[in-house]
Visitor: 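Sharing a structure, written as structure tokens. Questions coming.
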Amino acid sequence: TLPDVIRIALANNPDLRLQEIDRQIAEKAVRGESYYWEPEAVLSGKRYDNSRQNTVEQQISQFSPTFQEKNTSLAAALEGTIITGGKWRLGYSLDELSNNLTNLNFRQRAPFDEEYASIASISFSQPLLRNFGPAVTKSQLRNAELNLEISRQELRRRRMLTIGRAELGYWSAWQAVRAVDLRAKSLEIVKSLLEDNKNRLKEGRVSQMDVDQTRAGVALRERRWLEARTEANEAAKALATLLGWPARKTQPVIKAEILEIGDPVVTDFDKAMTQAVMSHPDMLIRQKEIEVEKLRLVVAKNQSWPQLDLVGSYGYNGLGEDVPDSWDRLSEGEYDNWSVELVFRMGLGGDRKAESQLEQTKLRHERALLSYQATESDLANAMQSVMNKVKLVRDTQLALARESDVNRAALEAEKVLLAEGKSNSRRVLELEEDLVDVQVLYETACANYRRVLVELDMTDGAMLSRRGLEE
């Protein structure tokens with residue numbers, strides 16, 4: 001059945017699995033970028049040994065011809081970013097200082113006695129021009145979100161194509177199977193007529209020519225039945241290929257139920273175009289691409305500005321003979337330090353690279369707008385074409401239904417005349433052949449009508465929602 005065909009097509013299409021992986025990758029990217037504000041812990045440790053000769057000036061000030069030190073430095077900090085683009089740092093450091101000057105300055109202490117210096121501080125750097133603002137700070141997150149939406153729409157587009165191709169293949173196979181059924185039924189009718197004519201020949205009611213004509217009619221219909229079976233086999237192969245059906249498995253068997261004409265599909269161009277703009281994957285992808293380029297344009301304009309940063313820091317320090325003593329001095333808050341500065345940076349010839357990137361981004365944005373307009377125009381043309389096809393195929397279907405009814409009535413009347421000896425087998429065979437040909441054309445029109453409805457669903461973008469397959 002058609003639902004089975006759709007289910008198998010979706011399950012066996014490797015492209016869908018690849019696109020699903022791309023969507024999952026995009027989701028992981030969004031999740032990662034959403035933690036742009038997450039603080040980082042920074043730990044460091046340093047041990048250094050320094051020995052040098054002092055200059056004359058240093059010898060006079062330090063009362064020593066040499067300087068020797070063995071220091072250890074430990075530091076821990078938290079660093080992070082805020083939504084305005086500013087960066088903050090909260091840190092603490094502990095330095096173990098040991099050198100040969102302590103013995104010279106403080107005779108009661110042995111050489112290389114340690115001193116401990118503790119420093120607790122907070123620092124902040126806020127861009128005021130370049131890199132300022134939430135739009136720039138969250139640009140990577142927003143770009144990841146847009147790429148995720150594009151990936152989702154690409155997955156929808158591929159699902160639509162997969163379902164559409166499967167349904168088109170199904171209706172082609174259905175049409176071929178219906179033709180086989182009609183040709184088989186025609187063959188049985190003419191075989192029955194042949195047996196009736198043989199009996200009538202014995203009774204002297206028909207001539208040998210009638211029997212021969214009927215026998216020729218049987219041969220003709222058997223050939224057409226075999227041709228229809230060949231076409232049905234080829235259609236089944238094509239459908240199996242679309243479904244990714246394993247080669248070693250038996251070809252799928254189509255349940256070709258008879259279709260009723262049903263109510264006509266109402267087509268409204270404006271309503272369909274509104275639907276397409278809101279739900280067709282190509283249109284939604286183009287919309288998101290415009291948003292991506294708008295975002296890049298905002299960032300590029302920001303990056304074309306000179307750099308002006310406000311930098312500040314504030315902290316306390318403490319010096320002691322051991323770690324607790326150093327910490328106590330620090331906690332007393334007697335010795336503090338702070339600084340505020342403005343840092344301005346700009347190229348001597350202006351930032352030509354940033355200006356060039358801004359011009360490139362403007363062109364990309366213009367290209368995205370033109371691409372959207374081109375896609376909308378293509379969809380509008382395709383929509384008008386498929387709507388015209390819906391009406392034409394529907395009219396053809398109704399006309400063939402009426403012709404089939406007329407031919408069936410004519411055939412039944414001619415059979416009555418043949419039974420009364422007022423007609424001949426040739427006339428009955430001609431009417432029967434005309435009826436079957438019209439019936440085959442009618443079934444073809446039914447399949448064409450279903451196919452054009454599939455095209456309509458694919459054009460206005462509502463295929464998945466109409467089938468309950470929207471995720």
Visitor: Will you find, in the side chains of Glu149 and Gln153, an N or O donor that is under 3.5 Å from an N or O acceptor?
Guide: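 Short answer, yes.
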Visitor: Tell me whether Glu366 at atom CD has more than 12 heavy atoms from other residues, nucleotides or ligands lying less than 6.0 Å away.
Guide: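 No, the 6.0 Å shell around CD holds no more than 12 heavy atoms from other groups.
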Visitor: Taking the six-membered ring of Tyr449 (Phe, Tyr or Trp), confirm whether the NZ or CZ of Arg394 is under 6.0 Å from its centre and within 45° of its axis.
Guide: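 The answer is yes; both the distance and angle limits are met.
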Visitor: Thinking salt bridges, do Lys391 and Asp395 make one under a 4.0 Å N-O criterion?
Guide: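 Asp395 and Lys391: salt-bridged.
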Visitor: Would you say Arg466 has more than 12 foreign heavy atoms packed within less than 6.0 Å of its CZ?
Guide: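 Atom CZ in Arg466 is crowded, with more than 12 foreign heavy atoms closer than 6.0 Å.
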Visitor: Restricting to non-hydrogen atoms, name the atom on Met458 and the atom on Met160 that form the minimum distance, rounded to 0.1 Å.
Guide: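 Shortest heavy-atom contact: O-CE, 3.5 Å.
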Visitor: Find out whether Asn388 and Gln384 are in side-chain contact, i.e. whether some heavy atom of one side chain is under 4.5 Å from a heavy atom of the other.
Guide: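 Counting from C-beta outward, Asn388 and Gln384 do come under 4.5 Å.
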Visitor: Hey, are the side chains of Phe344 and Pro306 touching, using non-hydrogen atoms and a 4.5 Å cut-off?
Guide: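 Yes, close enough: below the 4.5 Å cut-off.
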Visitor: Are side-chain heavy atoms of Glu321 and Glu115 found at a separation under 4.5 Å?
Guide: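 With C-beta onward as the side chain, the pair stays apart.
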Visitor: Return yes if some donor-acceptor pair links the side-chain N/O of Ser404 with the main-chain N/O of Leu400 below 3.5 Å, else return no.
Guide: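 Not a single qualifying donor-acceptor pair exists.
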Visitor: Counting distance only, does the side-chain N/O of Arg178 pair as donor-acceptor with the main-chain N or O of Glu443 below 3.5 Å?
Guide: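 Not confirmed, Arg178 side chain does not pair with Glu443 backbone.
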Visitor: Could you report the tightest heavy-atom contact between Thr137 and Ile83, atom names first, then the distance?
Guide: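 Here Thr137 and Ile83 meet closest at OG1-O, 2.9 Å.
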Visitor: Assess, by modelled atom type and distance only, whether the side chains of Arg47 and Thr72 contain a donor and an acceptor separated by less than 3.5 Å.
Guide: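 Side-chain D/A pair, Arg47 to Thr72: present.
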Visitor: Would you indicate whether Arg329, at its atom CZ, is surrounded by more than 12 heavy atoms from other residues, nucleotides or ligands within a distance under 6.0 Å?
Guide: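 No, CZ of Arg329 has 12 or fewer neighbouring heavy atoms, counting only those of other groups under 6.0 Å.
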Visitor: State whether the side chain of Asn143 and the backbone N or O of Ser139 hold a donor-acceptor pair below 3.5 Å, judged by distance alone.
Guide: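 No, Asn143 side chain to Ser139 backbone: no donor-acceptor pair under 3.5 Å.
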Visitor: If you compare all heavy atoms of Leu129 against all heavy atoms of Asn302, which two are closest, and at what distance to 0.1 Å?
Guide: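 Looks like O-ND2, 3.2 Å.
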Visitor: Look at Glu355 together with Arg352 and state whether they make a salt bridge at an N to O cut-off of under 4.0 Å.
Guide: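 So Glu355 does not pair with Arg352 through a salt bridge.
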Visitor: Are more than 12 heavy atoms, taken from residues, nucleotides or ligands other than Glu40, located less than 6.0 Å from that residue's CD atom?
Guide: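 It does not: Glu40 CD has 12 such atoms or fewer within range.
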Visitor: Quick one: CG on Leu146 to CG on Leu141, what's the gap to the nearest 0.5 Å?
Guide: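 So the CG of Leu146 and the CG of Leu141 are separated by 9.5 Å.
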Visitor: Minimum heavy-atom separation for Ser326 and Leu94, please, with both atom names.
Guide: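 Nearest pair, atom of Ser326 first, then Leu94: OG-CD1, 4.4 Å.
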Visitor: Assess whether atom CZ of Arg158 is packed by more than 12 heavy atoms of other residues, nucleotides or ligands within 6.0 Å.
Guide: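 Count over threshold, so yes.
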Visitor: Applying side chain to side chain contact (heavy atoms under 4.5 Å, CB included), run through Met383 and Asp460 and close with a yes or a no.
Guide: CA-CA 7 Å; Met383 190 76 69; Asp460 68 10; 3.8 Å; yes
Visitor: Quick check for you: to the nearest 0.5 Å, what is the distance between Arg450 atom CZ and Trp174 atom CH2?
Guide: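 One gets 7.5 Å once the value is rounded to the nearest 0.5 Å.
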Visitor: Using 0.5 Å steps for rounding, measure from the CG atom of Asn147 to the CD atom of Glu289.
Guide: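 One gets 9.5 Å once the value is rounded to the nearest 0.5 Å.
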Visitor: Going by atom types only, do Thr162 and Asn13 share a side-chain donor-acceptor pair under 3.5 Å?
Guide: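 The criterion, which ignores hydrogens and geometry beyond distance, is satisfied for Asn13 and Thr162.
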Visitor: Do Arg286 and Thr375 have a side chain donor and acceptor closer than 3.5 Å?
Guide: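 Per modelled atom types, Arg286 and Thr375 side chains form a pair under 3.5 Å.
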Visitor: If you look at every heavy atom in Ala166 and Ala9, which pair is closest and at what distance?
Guide: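 Looks like CB-CB, 3.7 Å.
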Visitor: Would Asp95 and Ser73 count as a side chain to side chain donor-acceptor pair (under 3.5 Å) here? Give the steps.
Guide: CA-CA 4 Å; Asp95 295 332; Ser73 178; 2.7 Å; yes
Visitor: Between Tyr314 and Tyr316, how do the two ring planes meet: parallel, tilted or perpendicular, split at 30° and 60°?
Guide: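 Perpendicular: the ring planes of Tyr314 and Tyr316 meet at over 60°.
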Visitor: Atom CZ of residue position Arg223 - does it have more than 12 heavy atoms of other residues, nucleotides or ligands inside 6.0 Å?
Guide: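 Enclosed.
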Visitor: Below 4.5 Å, heavy atoms only, C-beta onward: do Thr81 and Trp37 meet side chain to side chain?
Guide: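 No, side chains not in contact.
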Visitor: Can you tell me if Ser339 and Ser313 form a side-chain donor-acceptor pair at under 3.5 Å?
Guide: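 Yes.
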Visitor: List the steps and the verdict of side chain to side chain contact (heavy atoms under 4.5 Å, CB included) for Ile82 and Trp88.
Guide: CA-CA 8 Å; Ile82 63 174; Trp88 58 269; 3.8 Å; yes
Visitor: Can you check whether Tyr442 reaches Leu398 side chain to side chain, under 4.5 Å on heavy atoms?
Guide: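 No. Closest side-chain heavy atoms not under 4.5 Å.
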Visitor: I would like to know whether Ile6 and Leu469 meet side chain to side chain contact (heavy atoms under 4.5 Å, CB included); could you show each step before the answer?
Guide: CA-CA 10 Å; Ile6 295 175; Leu469 297 174; 3.9 Å; yes
Visitor: What distance do Gln19 atom CD and Arg159 atom CZ have between them, rounded to the nearest 0.5 Å?
Guide: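 With rounding to 0.5 Å, CD (Gln19) is 11.5 Å from CZ (Arg159).
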Visitor: Are Ser377 and Gln373 close enough, and set up right, to give a side chain to side chain donor-acceptor pair (under 3.5 Å), and what steps lead you there?
Guide: CA-CA 6 Å; Ser377 177; Gln373 295 172 4; over 6 Å; no
Visitor: Can Asp437 and Arg224 be counted as an ion pair, charged N to O under 4.0 angstrom?
Guide: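 A salt bridge links Asp437 with Arg224.
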Visitor: Measuring from Arg156:CZ to Leu284:CG, what's the distance to the nearest 0.5 Å?
Guide: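 Going from CZ on Arg156 over to CG on Leu284, the span is 6.5 Å.
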Visitor: Any ion pair linking Glu79 and Arg89 (charged N to carboxylate O, less than 4.0 Å)?
Guide: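 Answer for the salt bridge query: yes.
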Visitor: Is the number of heavy atoms from other residues, nucleotides or ligands under 6.0 Å of Glu332 CD greater than 12?
Guide: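 More than 12 heavy atoms, drawn from other residues, nucleotides or ligands, come within 6.0 Å of this atom.
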Visitor: Does a sphere of radius 6.0 Å around CZ in Arg229 hold more than 12 heavy atoms from other residues, nucleotides or ligands, not counting ones at 6.0 Å or beyond?
Guide: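 Result for CZ/Arg229: open.
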Visitor: Among side-chain atoms of Asp309 and Ser125, is any donor-acceptor pair under 3.5 angstrom?
Guide: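 The criterion, which ignores hydrogens and geometry beyond distance, is not satisfied for Ser125 and Asp309.
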Visitor: Closest heavy-atom contact between Leu97 and Ala117?
Guide: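 Here Leu97 and Ala117 meet closest at CD1-CB, 4.3 Å.
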Visitor: Does the side chain of Glu293 come under 3.5 Å of the side chain of Thr361 through a donor N or O and an acceptor N or O?
Guide: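 Result is no, nothing qualifies.
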Visitor: With a distance cut-off below 6.0 Å to the six-membered ring centre and an angular limit of 45° from the axis, does Lys46 pair with Tyr48 as a cation-pi contact?
Guide: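 Yes.
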Visitor: Quick test of your reading of the model: are Glu145 and Lys138 salt-bridged, counting only N-O distances below 4.0 Å?
Guide: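 Salt bridge absent between Glu145 and Lys138.
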Visitor: Assess, by modelled atom type and distance only, whether the side chains of Glu20 and Gln24 contain a donor and an acceptor separated by less than 3.5 Å.
Guide: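 Side-chain D/A pair, Glu20 to Gln24: present.
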Visitor: Does any N or O in the side chain of Ser34 come within less than 3.5 Å of the main-chain N or O of Arg31, such that one atom is a donor and the other an acceptor?
Guide: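 A pair under 3.5 Å: yes.
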Visitor: Check whether the side chains of Ser172 and Arg451 place a donor and an acceptor atom closer than 3.5 Å, and report yes or no.
Guide: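 Their side chains do contain a donor-acceptor pair, which is all the 3.5 Å distance test asks for.
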Visitor: Run the numbers on Glu154 and Arg157 for salt bridge (Lys or Arg N to Asp or Glu O under 4.0 Å), then give the verdict.
Guide: CA-CA 5 Å; Glu154 183 63 30; Arg157 187 181 72 85; 2.6 Å; yes
Visitor: Please walk me through it: do Ile163 and Arg467 pass side chain to side chain contact (heavy atoms under 4.5 Å, CB included)?
Guide: CA-CA 10 Å; Ile163 295 172; Arg467 287 155 180 76; 4.1 Å; yes
Visitor: Between the side chains of Ser118 and Tyr92, does any donor sit under 3.5 Å from an acceptor?
Guide: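 Yes, because at least one side-chain N or O of Ser118 sits under 3.5 Å from a partner of the opposite role on Tyr92.
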Visitor: Can you find a side-chain donor-acceptor pair between Gln303 and Asn131 that sits under 3.5 Å?
Guide: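 Gln303 vs Asn131: donor-acceptor pair found between side chains.
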Visitor: Going by heavy atoms in the side chains, are Glu69 and Asp49 under 4.5 Å from each other?
Guide: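 They are not in side-chain contact.
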